[in-house]
Amino acid sequence: MSEINWTALQQAAKDAAAQAYAPYSKFPVGVAVLAASGKVYTGCNVENASYGGTICAERNAIAAAVVAGERKFEALVVYTPQTMLTPPCGICRQVIAEFFSPDAPVASCNHMQQQQQWTLGELLPAAFTPTYLANSTKVGA
Ligand SMILES: O=c1ccn([C@H]2C[C@H](O)[C@@H](CO)O2)c(=O)[nH]1
Ligand SMILES: [Zn+2]
């Protein structure tokens, strides 16, 4: 694994947060993901008048990377202009687990230059991953 440039990832996540569409929550979020290719992709939260249609910054960043051909990732950074450092929500943890290994770092940073870090395995232990599907036995087949 290459050395992770946290400062660059934090700046990319902050720039993405500036594009957040969050008129309802007023809670802008930006995310940067580092792909195994070395490229960085970003996403912001995109809310909807039908609140359940909202998509988090994490999932938008991962989707942007996937459409560019990426399938493996080394790090994810969340930026929020909040005093409390916010980890990804449950749905996003599941989407992160699809493409990140359990020991991959997931970090949260803010406008106060603070950063907190977890591994994906800490955020989502015993994750349901594609491995389980590959090992499935068809009942009745
Ligand atoms: O890690 C997080 C947490 C929340 N949100 C978004 C969803 C919604 O637009 C707003 C408030 O929950 O923040 C994210 O994008 N990422
Ligand atoms: Zn989320």
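Counting convention: from 1, in listed order, for ligands and their atoms alike. Values below: all heavy atoms of this structure, side chains included; hydrogens, waters and symmetry mates excluded.
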Subject >> Contacts of the Zn ion (ligand 2) with protein N/O/S atoms, counting only those under 2.8 Å >> reply: Cys56 SG, Cys89 SG, Cys92 SG

**OP:** List the steps, then state whether side-chain hydrogen bond (donor to acceptor under 3.5 Å, both in side chains) holds for Gln117 with Gln115.
**Re:** CA-CA 7 Å; Gln117 215 170 292; Gln115 176 160 304; 3.2 Å; yes

Original post:
Between the main-chain N or O of Thr86 and the side-chain N or O of Ser108, is there a donor-acceptor pair closer than 3.5 Å?
Top reply: yes

Original post:
Measuring from each atom of ligand 1, which residues have a heavy atom under 4.0 Å away?
Top reply: Ser25, Phe27, Val29, Asn45, Glu47, Thr54, Cys56, Ala57, Glu58, Pro87, Pro88, Cys89

Original post:
Arg93 side chain to Leu123 main-chain N or O, any donor-acceptor pair under 3.5 Å?
Top reply: yes

**OP:** Could you tell me whether the side chains of Asn48 and Ser50 share a donor-acceptor contact shorter than 3.5 Å?
**Re:** no

Subject >> Side chain Gln94, main chain Ile91, donor-acceptor under 3.5 Å >> reply: no

Original post:
Taking the side chain from Glu47 and the backbone from Ser25, do they hold a donor-acceptor pair closer than 3.5 Å?
Top reply: yes

Original post:
Can you check whether Leu85's main-chain N or O pairs, donor with acceptor, with Asn110's side chain at less than 3.5 Å?
Top reply: no

**OP:** For the pair Asn45 (side chain) and Thr54 (backbone), establish whether a donor and an acceptor sit closer than 3.5 Å, ignoring hydrogens and angles.
**Re:** no

Original post:
Under the 3.5 angstrom rule, does the side chain of Glu58 hit a backbone N or O of Cys92 as a donor-acceptor pair?
Top reply: no

